[in-house]
Amino acid sequence: MRVALVYDRLNKLGGAEHVLTSFHILFPQADWYTSVWDPSRAPFSRHWRVHTSWLSRIPFLRTHHEFIPYLMPFVFESFDLRGYDLVISIGSAESKGVLTLPDTTHLNYCLTPTRYLYSHKEQYLTTPIHRFIAKYLRAWDQVASTRPDTMIAISTQVKKRIKKYYNRNSEIIFPPVDTNRFKPSRSVLVGDYFLTVSRLVPYKNIDVLVKAF
């Protein structure tokens with residue numbers, strides 16, 4: 001069985017990227033497709049079979065894809081996925097919009113519906129030009145959301161968002177956890193402190209968390 005794995009962009013290391021490594025373990029011979037790839041920022045993918053778009057030839061765009069969101073639909077629709085029996089798109093943005101043949105099974109592992117188009121649009125769409133582009137991207141995203149044969153949510157909250165924004169039912173498969181590394185321990189859990197682990201990006205609202213405590 002030929003398998004293709006599609007991810008929005010391989011240019012950082014965060015929680016979602018740990019999910020990708022689990023998919024790689026499941027399908028070590030799979031081909032990966034992504035819009036931009038920066039192996040120096042995503043070292044875990046250096047030895048994967050990655051197919052990327054022409055955007056990766058421009059160093060600035062490898063890490064500043066947010067300046068060209070209007071190009072992403074064209075990028076993902078340009079990938080040639082003929083010949084694959086199974087396509088699994090993973091992400092929160094455009095990867096689900098790839099085009100597949102009728103006899104290809106397309107599963108989408110949804111991290112969340114695109115934040116800047118739906119649940120967090122007030123934080124992202126702060127200018128008229130942003131809102132204008134988002135209107136076009138939302139229209140495309142609605143079409144793209146119909147392309148996977150099955151949508152899989154990473155959590156109960158994401159399942160609710162998929163229903164709200166895409167009007168689709170989905171199954172829940174929680175992301176993997178390294179239970180050998182992370183184990184409950186009374187000596188660790190009980191203490192005069194609180195811990196959060198997160199990337200420092202605006203929508204995580206870490207500043208609100210700090211102020212609350």
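Just so it is clear, the structure is predicted and the values come from calculations on it, not from any experiment.
- Remark: Tyr166 pairs with Lys96, Asp141 by the side-chain hydrogen bond (donor to acceptor under 3.5 Å, both in side chains) rule, at least two apart or across chains.
- Judged as a side-chain hydrogen bond (donor to acceptor under 3.5 Å, both in side chains), and not counting sequence neighbours, the contacts of Ser40 are Asp38.
- Thr52 meets the side-chain contact (heavy atoms from CB on, under 4.5 Å) test with Thr34, Trp37, Ser56; sequence neighbours excluded.
- Sorted by first and then second residue, the salt bridge (Lys or Arg N to Asp or Glu O under 4.0 Å) pairs with a member in residues 148-160 form an empty list; sequence neighbours excluded.
- The salt bridge (Lys or Arg N to Asp or Glu O under 4.0 Å) test applied to Lys12 returns Glu17, not counting sequence neighbours.
- The ring-ring contact (aromatic ring centres under 6.0 Å, His included) pairs that include a residue from residues 86-113 are Phe23-Tyr109, where partners are two or more places apart or lie in different chains.
- Within the 4.5 Å cutoff, side-chain heavy atoms of Tyr33 are placed close to those of Tyr84.
- Every residue two or more places apart in sequence or in another chain that forms a side-chain hydrogen bond (donor to acceptor under 3.5 Å, both in side chains) with Ser95 is listed here: Asp8.
- Remark: Asn108 CG to Ser89 OG distance equals 3.5 Å, nearest 0.5 Å.
- Take Ser170 and apply the side-chain hydrogen bond (donor to acceptor under 3.5 Å, both in side chains) test, not counting sequence neighbours, and it matches no residue.
- Partners of Asp80 by salt bridge (Lys or Arg N to Asp or Glu O under 4.0 Å), not counting sequence neighbours, listed by chain and number: Arg82.
- Not a single side-chain contact (heavy atoms from CB on, under 4.5 Å) links Ser78 to another residue, sequence neighbours left out.
- Of all the heavy atoms in Ala93 and Thr114, the pair that sits closest is CA-OG1, 3.5 Å.
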* Residues Asn11, Thr63; criterion side chain to side chain donor-acceptor pair (under 3.5 Å); working and verdict -> CA-CA 6 Å; Asn11 61 358; Thr63 54; over 6 Å; no
* To do: Could you walk me through whether Arg115 and Ser92 pass side chain to side chain donor-acceptor pair (under 3.5 Å), step by step?
  => CA-CA 8 Å; Arg115 286 187 179 88; Ser92 60; 4.6 Å; no
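- Residues forming a side-chain contact (heavy atoms from CB on, under 4.5 Å) with Glu77 (at least two apart in sequence, or on another chain): Leu99, Trp140, Arg147.
- When the side-chain contact (heavy atoms from CB on, under 4.5 Å) test is applied to Phe213, the partners found at least two apart in sequence or on another chain are Phe194, Leu209.
- Ion pair Arg2/Asp85 not flagged as a salt bridge, since none of the NZ, NE, NH1 or NH2 atoms sits closer than 4.0 Å to an Asp/Glu carboxylate oxygen.
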